[in-house]
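Throughout, a chain's letter reflects where its sequence line sits, starting with A, and its residues are numbered from 1. Basis for what follows: all heavy atoms, side chains included, without hydrogens, waters or symmetry-related copies.
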Amino acid sequence: MADKKVRTRFAPSPTGFMHIGNLRTALYAYLFAKAEHGDFILRIEDTDRARYVEGAVDFIKRTLSAAGIVPDEGPDDIGGDCGPYVQSERMEIYKEYAVKLVELGHAYYCFCDPGETHTSGDFGGYDRHCRDLPQEEIDAHLKNGDPYVIRQKMPLDGETTYFDVLHGNITIPNSELEDQVLLKRDGMPTYNFANVIDDHLMGVTHIIRGAEFITSTPKHVLLYKGYGWELPTFIHLAPVMGKNEDGSVSKLSKRHGSTSFEDLVNEGYLPEAIVNYVALLGWSPKTTNQEIFSMAELIAAFSLEGLSKSPAVFDYDKLNWVSGEYYKAMGDEEFAGRARKFAGELPDYLEAHWAKLCSLLRTRISHLSEIPREIAFLKEQPAFDAALYTNKRNKVTPEKALELLPEMIELLEQVTEADWNNDALYARLNAYIEEKGLKKGLPMWILRIGVAGQSVTPGGATELLEILGRENSLARLKKSLANLQAL
RNA sequence: GGCGCCAUCGUCAAGUGGUUAAGACACCGCCCUUUCACGGCGGGUUCAUGGGUUCGAAUCCCAUUGGCGUCACCA
């Protein structure tokens, strides 16, 4: 038999932000669909009126778009043949199918008040009070317009088994299954019901979702069977974890830091880099050791076999590395443009040398929000300890600094404004170094510390001199010398 | 607690009965170098524990332990 066209879906509830775990689920569903030349559907599961967040649907669409995940079908302008793609707009459909399931004998009306206790001793769930109500009683309630819910009629014994691509056969005793509500008192379906109806009606062939649904899937399976529908293929993804202060791990959440796509973008991580990293969290390519992937490359490399069934810990170190790789591969001009708004207010001399500064920053930064810290010393010369003039390899000591700094200041004062650039300064200093028979690292170190005031800097001595400008540099050096002499 | 899922370096992971147990991040060392970074080279650390099965087990089975999930008119 010819394989049906693959259709996957991402079905978020509109809660206002895109958690990294959700982003990964969406990404895998998208990658699989595209790898199989199938369709990827976006469906909004907004059946919980209490949790609805205004504008959340647009937010989800914008986020997916920024991440490069493009739905083939979905709400509003996205369109498609299986709409509407927002569950709150499909209420008549759920009602119709719920009633149908009652007729099929796999569901029943329940008139119990939600406030009443209806649990039985050894069984934790609903006590099935209304499961076998006489038909006349049901009709009377209905005729009377009494509020009701529709519950699923679970098998009382036996077990339910289904196949999961990652986990193999999963079997749950039916005694664990509650007669769950399918249609709520307000007419809205529950997740467990709407999900099945929509996945079937929308022709979803592969359900890719989080592992938290493993134990509720038998309920879904019973629903499919109740209607006589073909089962989709299930793929339950292991969760994304975060590392706690004490070294333990738990499901990734706010307390682990920035854990939404939006947060990460705001911190200056490239969307492509985030997607790249997240793809590798719980999946690895089968035929390559490649680490850096474009979306097209991910699609080409993706297969279900590469999915991991154990939880993965979100690692900022590796994200930083991936992100750094993207910036290293980026052109100077594009980097300068993206980086500018992270730098804040800049004095004129830095504004003038922004391009140059960025070329130094680009290879030593993992995300853009590191920039203010990296360039703070350029805005204002930090106070520093003379001990910074100490470097073993270059034989640098504060005494040496005291000796050479005056000479170098004198030499630099002879350089004109017009010649004040990296190459000319370097040539000038080099001549001085050769004349004195010094090791290059010695005076350069002293100069760099003197002008920067900190041990680690983006760029070497002459590069910093150029960026700071003649006047500023000389002022800084003189100040550093004065401090040194005062000791 | 019942039920279920998971278990290879600190982290992401390859591995599907016979390997010196890949690779990447991080870490350490060396080289390069006007610092750091980049780049190059090298290094240490891993099969949770205990039983089986087998000539042989990270790979199969069982138990233990641990982690996680789930038990809503939330999704």
Side-chain angles (χ1 to χ4, degrees), chain A residues 11-13 15 45-48 50-51 110 112 114 122-126 147-151 164 166-167 170-173 175-178 180-186 188-192 194-195 209-218 236 238-239 241 243 247-251 277 280-286 288-292 306 308-322 324 328 360-365 374 388 391 393-394 396 422 425-426 429-430 433 439-449 452 454-464:
Chain A
S13 53
T15 54
E45 311 222 327
D46 60 344
T47 56
D48 184 1
R51 293 211 304 189
C110 168
C112 293
D122 49 337
F123 183 72
Y126 173 66
Y148 65 87
V149 300
I150 290 179
R151 286 181 183 275
D164 180 287
L166 253 45
H167 303 287
I170 293 175
T171 300
I172 309 267
S175 57
E176 291 293 317
L177 274 24
E178 185 185 4
Q180 64 171 348
V181 170
L182 263 20
L183 207 63
K184 297 186 261 189
R185 193 160 289 244
D186 64 3
M188 283 287 189
T190 56
Y191 165 84
N192 285 320
N195 204 258
R209 68 196 350 169
E212 64 269 28
F213 296 113
I214 285 178
T215 43
S216 50
T217 300
H236 288 102
M241 314 294 281
K243 185 172 272 155
S248 64
V249 296
S250 51
K251 204 170 173 190
Y277 172 68
L280 261 15
L281 246 194
W283 171 80
S284 71
K286 280 286 131 185
T288 169
N289 273 334
Q290 190 176 337
E291 302 276 345
I292 302 300
S308 169
K309 54 183 175 175
S310 50
V313 178
F314 190 93
D315 180 15
Y316 287 93
D317 282 336
K318 181 117 186 201
L319 169 65
N320 282 339
W321 175 77
V322 170
K328 273 179 238 159
L360 298 177
L361 251 19
R362 197 166 60 80
T363 58
R364 57 197 93 207
I365 249 175
E374 285 289 317
L388 284 189
N391 177 264
R393 192 165 73 85
N394 290 310
V396 185
N422 182 55
L425 289 166
Y426 187 82
L429 282 161
N430 224 6
I433 287 164
K439 188 177 176 186
K440 201 182 292 175
L442 173 62
M444 288 299 192
W445 182 286
I446 293 168
L447 210 47
R448 189 175 61 83
I449 297 300
Q454 66 185 30
S455 61
V456 177
T457 58
T462 56
E463 287 164 324
L464 297 179

Of the listed B/A26, B/C38, B/C73, the closest approach to the A/K328 side chain comes from B/C38

Remember a base hit wins even if backbone is also touched, and classify A/M188 as base, sugar-phosphate or nothing at under 4.0 Å, heavy atoms. nothing

What is the separation between atom CD1 on A/I170 and atom P on B/C68, rounded to the nearest whole Å? 19 Å

To the nearest angstrom, the CD-P distance between A/Q454 and B/U34 comes to 20 Å

Closest listed nucleotide, where the reference is the side chain of A/D315 and the choices are B/C25, B/A72, B/G23: B/C25

Between B/G44 and B/C30, how far apart are the C1' atoms? Round to whole Å, please. 15 Å

Between A/S455 and A/V181, name the one whose nearest nucleotide on RNA chain B is closer to the 5' end. A/S455

Say you pick atom C1' in B/C62 and the same atom in B/G23; how far apart are they, in whole Å? 34 Å

Separation of B/C5 P from A/K251 NZ (nearest whole Å): 18 Å

Between B/U45 and B/C25, how far is it from one C1' atom to the other, in whole Å? 15 Å

Starting from C1' on B/A14, measure out to CD on A/Q290 and report it in whole angstrom. 15 Å

Nearest-neighbour nucleotide for the A/V313 side chain, B/C38, B/C12, B/C68 considered: B/C12

Minimum-distance nucleotide to A/R364 side chain [options: B/U35, B/A24, B/C74]: B/U35

Is A/T462 side chain donor-acceptor paired with the B/U34 base, going by distance under 3.5 Å alone? yes

Starting the side chain at C-beta, find the nucleotide from B/G10, B/A7, B/U35 nearest to A/E463. B/U35

Working note: A/K243 + A/D315, criterion side-chain contact (heavy atoms from CB on, under 4.5 Å); need CA distance, chi angles, decisive distance, verdict. CA-CA 8 Å; A/K243 185 172 272 155; A/D315 180 15; over 6 Å; no

Atom CG of A/L280 to atom P of B/U11: distance rounded to whole Å? 17 Å

Run the numbers on A/K184 and A/T190 for side-chain contact (heavy atoms from CB on, under 4.5 Å), then give the verdict. CA-CA 7 Å; A/K184 297 186 261 189; A/T190 56; 3.8 Å; yes

Could you tell me whether the phosphate oxygens of B/C71, OP1 or OP2, come under 4.0 Å of any side-chain nitrogen or oxygen in A/T215? no

So what does A/S284 hit on the nucleic acid, given a heavy-atom distance under 4.0 Å: a base, only sugar-phosphate, or nothing? sugar-phosphate

Proximal nucleotide (of B/C6, B/C73, B/U11) relative to the A/R151 side chain: B/C73

Contact summary for A/H236 and A/L166, nearest pair of heavy atoms: O-CD2, 3.4 Å

Do A/Y191 and A/N195 have side-chain N/O donor and acceptor atoms under 3.5 Å apart? yes

Report yes if a side-chain nitrogen or oxygen of A/T47 is closer than 4.0 Å to either non-bridging phosphate oxygen (OP1 or OP2) of B/A75; otherwise report no. yes

Please state whether the phosphate of B/A13, meaning OP1 or OP2, lies under 4.0 angstrom from any side-chain nitrogen or oxygen of A/K309. no

What one should report as the nearest heavy-atom pair of A/T457 and A/R364 is O-NH1, 3.9 Å

Side chain A/N394, main chain A/W445, donor-acceptor under 3.5 Å: no

Which nucleotide, B/A14, B/A26, B/C6, lies nearest any side-chain atom of A/K286? B/A14

Return the 5'-most residue of the pair A/S216, A/R448 with respect to RNA chain B, ranking by each residue's nearest nucleotide. A/R448

Assigned partner base of B/U16, Watson-Crick or wobble definition, under 3.5 Å: none

At under 4.0 Å between heavy atoms, what does A/A461 touch on the DNA or RNA strands: base, sugar-phosphate, or nothing? base

Please classify the nucleic acid contact of A/V322 as base, sugar-phosphate, or nothing, using heavy-atom distances under 4.0 Å. nothing

Does a side-chain N or O from A/Y426 land closer than 4.0 Å to OP1 or OP2 of B/U34, or not? yes

Paired nucleotide for B/G69 [Watson-Crick or G-U wobble; both distances under 3.5 Å]: B/C3

What nucleotide among B/G10, B/U70, B/C68 has an atom nearest to a side-chain atom of A/E212? B/U70

Would A/F314 and A/Y277 count as a side-chain contact (heavy atoms from CB on, under 4.5 Å) here? Give the steps. CA-CA 9 Å; A/F314 190 93; A/Y277 172 68; 3.6 Å; yes

Using atom C1' in both nucleotides, what's the gap between B/U8 and B/A21 to the nearest angstrom? 8 Å

Any strand is fair game: report the nucleotide pairing with B/C41 by Watson-Crick or G-U wobble, both distances under 3.5 Å, or none. B/G29

Atom-pair distance (CD1 on A/I172; P on B/G2), nearest Å: 15 Å

Does the side chain of A/H167 get closer than 4.0 angstrom to OP1 or OP2 of B/C6 through an N or O atom? yes

Opposite nucleotide pairing with B/U11, Watson-Crick or G-U, both atom distances under 3.5 Å: B/A24

Between B/U33 atom P and A/L447 atom CG, what is the distance in whole Å? 19 Å

Check this one for me: any side-chain N or O of A/K184 less than 4.0 Å away from OP1 or OP2 of B/C74? yes

Using the P atom as the point on both nucleotides, what is the distance between B/U70 and B/A37, in whole Å? 43 Å

Under 4.0 Å between a side-chain N or O of A/K440 and OP1 or OP2 of B/U34? yes

Using the C1' atom as the reference point in each nucleotide, state the distance between B/A14 and B/C47 in Å, no decimals. 13 Å

Rounding to the closest angstrom, what is the interatomic distance between B/C6 and B/A26 at atom C1'? 25 Å

Minimum-distance nucleotide (side-chain atoms of A/T190 versus B/A75, B/U35, B/A72): B/A75

Is there a donor N/O on one and an acceptor N/O on the other, under 3.5 Å, for the side chain of A/R393 and the base of B/U35? no

Quick one: do A/D48 and A/M188 satisfy side-chain contact (heavy atoms from CB on, under 4.5 Å)? Show the steps, please. CA-CA 8 Å; A/D48 184 1; A/M188 283 287 189; over 6 Å; no

Which heavy-atom pair separates A/R362 from A/K328 by the least distance, and what is that distance? NH1-O, 2.8 Å

B/U19 and B/A7, which share atom name P, separated by this distance in whole Å: 22 Å

Starting at CG of A/L281 and ending at P of B/A14, how long is that distance when rounded to a whole Å? 13 Å

Of the listed nucleotides B/A75, B/G10, B/C71, the one nearest the side chain of A/F213: B/A75

So which nucleotide does B/U53 pair with, by the Watson-Crick or G-U wobble rule with both distances under 3.5 Å? none

Heavy-atom pair with the smallest gap, counting every atom of A/L281 and A/A312: CD2-CB, 3.6 Å

Report which part of the nucleic acid A/G459 touches: base, sugar-phosphate, or nothing (heavy-atom distance under 4.0 Å, all strands). base

Reckon A/K318 has a side-chain N or O less than 4.0 Å from the OP1 or OP2 of B/A13? no

